[in-house]
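Working notes for the structure below.
Convention: sequence-line order gives letters A, B, ...; per-chain numbering from 1. Every value quoted in this text rests on a predicted model; they were computed, and no experiment measured them.
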Number of protein chains: 2
Amino acid sequence: MTGGAQPPREASVDVIQRELTAFARRARAAAARVHPELPLVSYTLLAHIEEQRGCRATDLAAHYFLDKSTVSRQVAGLEKLGFVERRPAPDDHRVHVLHPTEAGTKVLAAAQTNRLAAFEERLEDWPAEDLARFAAYLLRYNAAATNPAPVPPPS
Amino acid sequence: MTGGAQPPREASVDVIQRELTAFARRARAAAARVHPELPLVSYTLLAHIEEQRGCRATDLAAHYFLDKSTVSRQVAGLEKLGFVERRPAPDDHRVHVLHPTEAGTKVLAAAQTNRLAAFEERLEDWPAEDLARFAAYLLRYNAAATNPAPVPPPS
DNA sequence: GCTTTCGGTTGTATAGTACAACGAGTACTT
DNA sequence: AAGTACTCGTTGTACTATACAACCGAAAGC
């Protein structure tokens with residue numbers, strides 16, 4: 001493919017949008033199969049909380065384009081399950097600093113293992129070079145989506 | 001990247017799972033922004049109905065791993081909006097054959113245009129070669145996910 | 001100090017989904 | 001031909017994820 005005639009850009013873009021959409025459609029159900037104990041959104045938030053130790057609910061909302069009420073409820077759910085702790089920040093009494101509990105760390109690790117295994121199974125016969133490139137493409141795509149519009153600030 | 005040391009397979013797989021998941025999380029909200037009149041799921045189903053002329057509800061359910069009740073309601077919604085028609089099949093009185101109406105075709109085309117534009121904006125500075133490869137990778141990935149487990153039949 | 005802003009919760013509404021029960025139609029078996 | 005079993009679809013019910021709006025308490029800016 002690299003040498004000869006390439007499909008026109010728009011055809012590639014169309015395939016990309018279609019296939020990414022197809023993936024998105026299946027993601028929730030797939031997550032439920034792979035780790036039924038930790039639904040997709042909870043998984044994601046918990047993973048973020050673990051990575052960014054001591055993050056706040058607002059950070060999560062901003063990062064995932066979620067309403068703060070959604071985050072509030074999700075975190076409340078995770079807390080009720082005993083997977084995160086909400087500690088009042090010492091300096092600012094408004095914020096709750098989020099930490100994973102031991103149980104949270106454990107269940108997250110298990111979910112990540114299952115998740116990774118599921119992906120590895122689907123990718124097992126890919127050459128390493130293709131994996132690396134695919135990963136790079138996805139990173140690049142998502143990075144572009146994260147800084148969506150270089151909106152010229154008024155004034 | 002192609003010449004030198006590649007990241008280990010598992011690192012790439014981890015990135016892939018993380019980034020695909022990130023995309024999935026944002027997909028619904030993004031769809032709502034891009035074509036508010038046709039939510040993600042309706043869009044997907046309507047597109048499928050248009051492509052596979054005369055498909056049945058069961059086909060949709062199988063293709064998208066959805067429960068038939070879900071499909072039933074989604075299709076009912078599309079019908080109420082006037083975007084699809086349910087015609088009883090002549091040979092089998094159980095099945096409803098689905099066809100897009102003219103309005104459906106129109107709204108779908110508009111949504112696809114917006115959608116494509118949004119993707120193209122995010123991909124505008126990609127070289128054509130990368131686009132083609134990215135598209136190919138996604139196709140390959142999703143094809144693997146569609147025939148998920150070569151489950152050995154118990155017999 | 002008063003007002004504004006910020007972080008978060010709660011009330012309410014909606015979409016999307018699954019599972020279970022069912023109804024009507026078709027196919028298989030004897 | 002009758003009875004059983006399977007298939008397609010709908011409906012009842014419940015739950016998750018989500019948004020928007022209204023609100024509360026704490027902090028910051030004037």
For this session: May I have the step-by-step check of salt bridge (Lys or Arg N to Asp or Glu O under 4.0 Å) for A:Asp130 and B:Arg140, ending in yes or no?
Result: CA-CA 11 Å; A:Asp130 286 344; B:Arg140 186 167 165 195; 3.4 Å; yes
Exercise. Do NZ/NE/NH1/NH2 and the carboxylate oxygens of A:Lys106 and A:Glu102 come within less than 4.0 Å?
Worked result: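 Salt bridge absent between A:Lys106 and A:Glu102.
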Problem set entry | Under-4.0 Å salt bridge between B:Arg73 and B:Glu79 |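 Here B:Arg73 does not pair with B:Glu79 in a salt bridge, since their nearest N and O are not under 4.0 Å apart.
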Exercise. Between A:Arg53 and A:His99, does any side-chain donor sit less than 3.5 Å from a side-chain acceptor?
Worked result: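 No, no side-chain donor-acceptor pair sits under 3.5 Å.
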Rounded to the nearest Å, what distance is computed from the [atom1] atom of residue [X] to the [atom2] atom of nucleotide [N]?
X: A:Arg33; N: C:dC19; atom1: CZ; atom2: P; value: 11 Å
X: A:Leu98; N: C:dG7; atom1: CG; atom2: P; value: 13 Å
X: B:Leu81; N: C:dA15; atom1: CG; atom2: C1'; value: 13 Å
X: B:Arg86; N: C:dA24; atom1: CZ; atom2: P; value: 17 Å
X: B:Glu37; N: C:dT14; atom1: CD; atom2: C1'; value: 15 Å
X: B:His93; N: C:dA27; atom1: NE2; atom2: C1'; value: 15 Å
X: B:Arg56; N: C:dG25; atom1: CZ; atom2: C1'; value: 13 Å
X: A:Leu60; N: C:dT9; atom1: CG; atom2: P; value: 11 Å

Exercise. Relative to the ring of A:Tyr137, is the ring of B:Trp126 parallel (under 30°), tilted (30 to 60°) or perpendicular (over 60°)?
Worked result: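 Answer is tilted, since the angle falls between 30° and 60°.
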Problem set entry | Plane angle bin for B:Tyr141 and A:Phe119 - parallel if under 30°, tilted between 30 and 60°, otherwise perpendicular |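 A:Phe119 vs B:Tyr141 ring planes: parallel.
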Problem set entry | Members of residues 66-79 of chain B that approach DNA chain C, where some heavy atom sits under 4.0 Å away |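 Correct list: B:Leu66, B:Asp67, B:Ser69, B:Thr70, B:Arg73, B:Gln74.
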Problem set entry | Nearest-neighbour nucleotide for the A:Arg94 side chain, C:dA15, D:dC8, C:dT5 considered |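 Of C:dA15, D:dC8, C:dT5, C:dT5 is nearest to the side chain of A:Arg94.
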For this session: Look at B:Arg26 and D:dT18 and indicate whether a side-chain polar atom (N or O) is within less than 4.0 Å of OP1 or OP2.
Result: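 So the side-chain polar atoms of B:Arg26 never come under 4.0 Å of the phosphate oxygens OP1 or OP2 of D:dT18.
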For this session: Identify whether any heavy atom of B:Asp59 sits under 4.0 Å from a base atom; if not, whether one sits that close to sugar-phosphate; answer base, sugar-phosphate or nothing.
Result: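 Counting heavy atoms under 4.0 Å across all strands, no contact is made by B:Asp59.
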Exercise. Could B:Arg18 and B:Phe23 be counted as a cation-pi pair, given that NZ or CZ must be under 6.0 Å from the ring centre and within 45° of the axis?
Worked result: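 That pair does not qualify as a cation-pi contact.
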